[in-house]
Trainee: 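Once you've had a glance at the structure underneath, I'll fire off some questions.
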Amino acid sequence: MAEPEVHSTDLPECPSAQGTGLLPQELRGWMVMLAAVGAVEQRLRSVLKERLDVSHDEFLVLCLLAEQPEEGLRMTRVAELLGRPKTRLTYQVACLQHAGLLTRRSVCGDKRGVEVALTDKARLLLQETSGALAETVAEALAHVIGPDQREAMHGLLPGLHAATGTAQTAAGTPAQTAPAAAADEIPAGMAEEAAVRASD
């Protein structure tokens, strides 16, 4: 049974760029990122349960494997990329395998190595639900990240505002639109680390 839907009024309030002056801009920007990741996770939980019947942590495993070649990844590498203990990952992989979403196989030449990969069923489910999931993520981010929060994010990545503003102006677009474009330029590793911290 799906969990109760989380309404926008229940989502955490994202810190602003103003703060109290105790923290530098980089730390305020980091707090904004963590709050945004938490808001997305909170909104996604019920949607994932309803659409895929998986937990948020299990969904992160599916997403990671979806970006890999069809032969999959070693369990040790998955645990490393998601920043979680292998014992915890083993349980999640077992649940996904039981649901028919993952396959496990021994690595040739390595008796202790185990490789996991998405099944065709999992790939089909992700294709069918990716639009709704992406919309859920966008709605959650729109709720918690406004102009003040975007300003705080610029403190996390020094020089980003000037760089995006120049690019927008050169393209014939007003520089005020730069903050919206800046979100796409957050390094993937930093966003992944924020997701792991939020899930822990």
Side-chain angles (χ1 to χ4, degrees), residues 1-8 10-12 33-144 183-184 186-200:
M1 179 180 295
E3 299 174 2
E5 183 178 355
V6 178
H7 299 287
S8 60
D10 299 326
L11 295 176
M33 180 179 289
L34 289 179
V37 169
V40 169
E41 179 181 348
Q42 187 172 338
R43 181 72 71 86
L44 270 178
R45 284 175 183 163
S46 60
V47 180
L48 290 172
K49 194 65 178 176
E50 178 183 353
R51 301 272 181 154
L52 297 176
D53 196 24
V54 299
S55 69
H56 181 265
D57 282 354
E58 291 165 356
F59 177 63
L60 292 182
V61 175
L62 294 177
C63 286
L64 179 61
L65 293 175
E67 294 296 302
Q68 306 301 321
E70 291 191 7
E71 58 266 23
L73 285 176
R74 287 185 178 230
M75 291 264 297
T76 51
R77 182 57 175 160
V78 174
E80 177 185 342
L81 290 173
L82 293 180
R84 62 188 55 167
K86 189 178 178 182
T87 52
R88 179 179 169 190
L89 177 64
T90 299
Y91 172 76
Q92 293 163 354
V93 166
C95 292
L96 292 170
Q97 185 179 17
H98 180 72
L101 301 177
L102 285 188
T103 60
R104 296 175 55 170
R105 66 177 184 181
S106 298
V107 177
C108 183
D110 185 353
K111 295 181 179 180
R112 300 180 59 185
V114 177
E115 197 170 69
V116 292
L118 294 183
T119 61
D120 291 339
K121 175 183 176 180
R123 294 184 181 279
L124 179 60
L125 279 175
L126 287 175
Q127 289 176 356
E128 292 175 344
T129 59
S130 60
L133 295 174
E135 184 177 347
T136 300
V137 170
E139 289 176 353
L141 289 176
H143 176 75
V144 296
D184 294 333
I186 298 174
M190 185 178 296
E192 180 182 327
E193 182 179 352
V196 171
R197 288 178 179 271
S199 65
D200 290 339

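A quick note: this is a predicted structure, and the numbers were derived from the prediction, not measured.
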Trainee: Decide yes or no for Leu102 and Leu62: does some side-chain heavy atom of the first lie under 4.5 Å from some side-chain heavy atom of the second?
Mentor: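 Result yes, sub-4.5 Å side-chain heavy-atom pair found.
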Trainee: What are the two closest heavy atoms between Leu48 and His56, and how far apart are they?
Mentor: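 Closest approach of Leu48 to His56, heavy atoms only: CD1-CA, 3.8 Å.
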Trainee: Tell me which pairs pass side chain to side chain donor-acceptor pair (under 3.5 Å) where either residue lies in residues 94-103, with sequence neighbours left out.
Mentor: none
Trainee: If a pair satisfies salt bridge (Lys or Arg N to Asp or Glu O under 4.0 Å) and one of its residues is in residues 121-138, list it, with sequence neighbours excluded.
Mentor: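 Matches after skipping sequence neighbours: none remain.
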Trainee: Do Leu60 and Gln92 have side chains that get closer than 4.5 Å, going by heavy atoms?
Mentor: no
Trainee: Do you know which of Leu96, Val61, Leu65 makes side chain to side chain contact (heavy atoms under 4.5 Å, CB included) with Val116?
Mentor: Leu65
Trainee: Sequence neighbours left out, what passes side-chain contact (heavy atoms from CB on, under 4.5 Å) with Ala66? Give chain and number order.
Mentor: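 Per chain and number, Ala66 pairs via side-chain contact (heavy atoms from CB on, under 4.5 Å) with Leu118, Leu126.
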Trainee: Out of the candidates Arg105, Arg74, Arg77, only one should pair with Glu115 under the side chain to side chain donor-acceptor pair (under 3.5 Å) rule; please name it.
Mentor: Arg105
Trainee: What heavy-atom pair brings Ala39 and Ala140 nearest, and what distance separates the two atoms?
Mentor: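 Shortest heavy-atom separation between Ala39 and Ala140 comes out as O-CB, 3.9 Å.
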Trainee: If I take atom CD from residue Gln68 and atom CG from residue Leu81, how far apart are they, to the nearest 0.5 angstrom?
Mentor: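 So the CD of Gln68 and the CG of Leu81 are separated by 7.0 Å.
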Trainee: Looking at every heavy atom in both Leu141 and Ala36, which two are closest together, and how far apart are they?
Mentor: CD2-CB, 3.8 Å
Trainee: Which pairs, with at least one residue in residues 90-104 and sequence neighbours excluded, count as a salt bridge (Lys or Arg N to Asp or Glu O under 4.0 Å)?
Mentor: none
Trainee: Between Leu124 and Gln127, does a side-chain contact (heavy atoms from CB on, under 4.5 Å) hold up when you go through it step by step?
Mentor: CA-CA 5 Å; Leu124 179 60; Gln127 289 176 356; 4.3 Å; yes
Trainee: Hey, what do you get for NZ (Lys49) to OG (Ser55), rounding to the nearest 0.5 Å?
Mentor: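 The OG atom of Ser55 is 7.5 Å from NZ of Lys49, to the nearest 0.5 Å.
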Trainee: How close do Gly72 and Ala117 get, heavy atom to heavy atom, and via which atoms?
Mentor: CA-CB, 3.8 Å
Trainee: Not counting sequence neighbours, which residues clear salt bridge (charged side-chain N to carboxylate O under 4.0 Å, His left out) with Glu58? List them please.
Mentor: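 If we apply the salt bridge (charged side-chain N to carboxylate O under 4.0 Å, His left out) test to Glu58, skipping adjacent residues, there are no hits.
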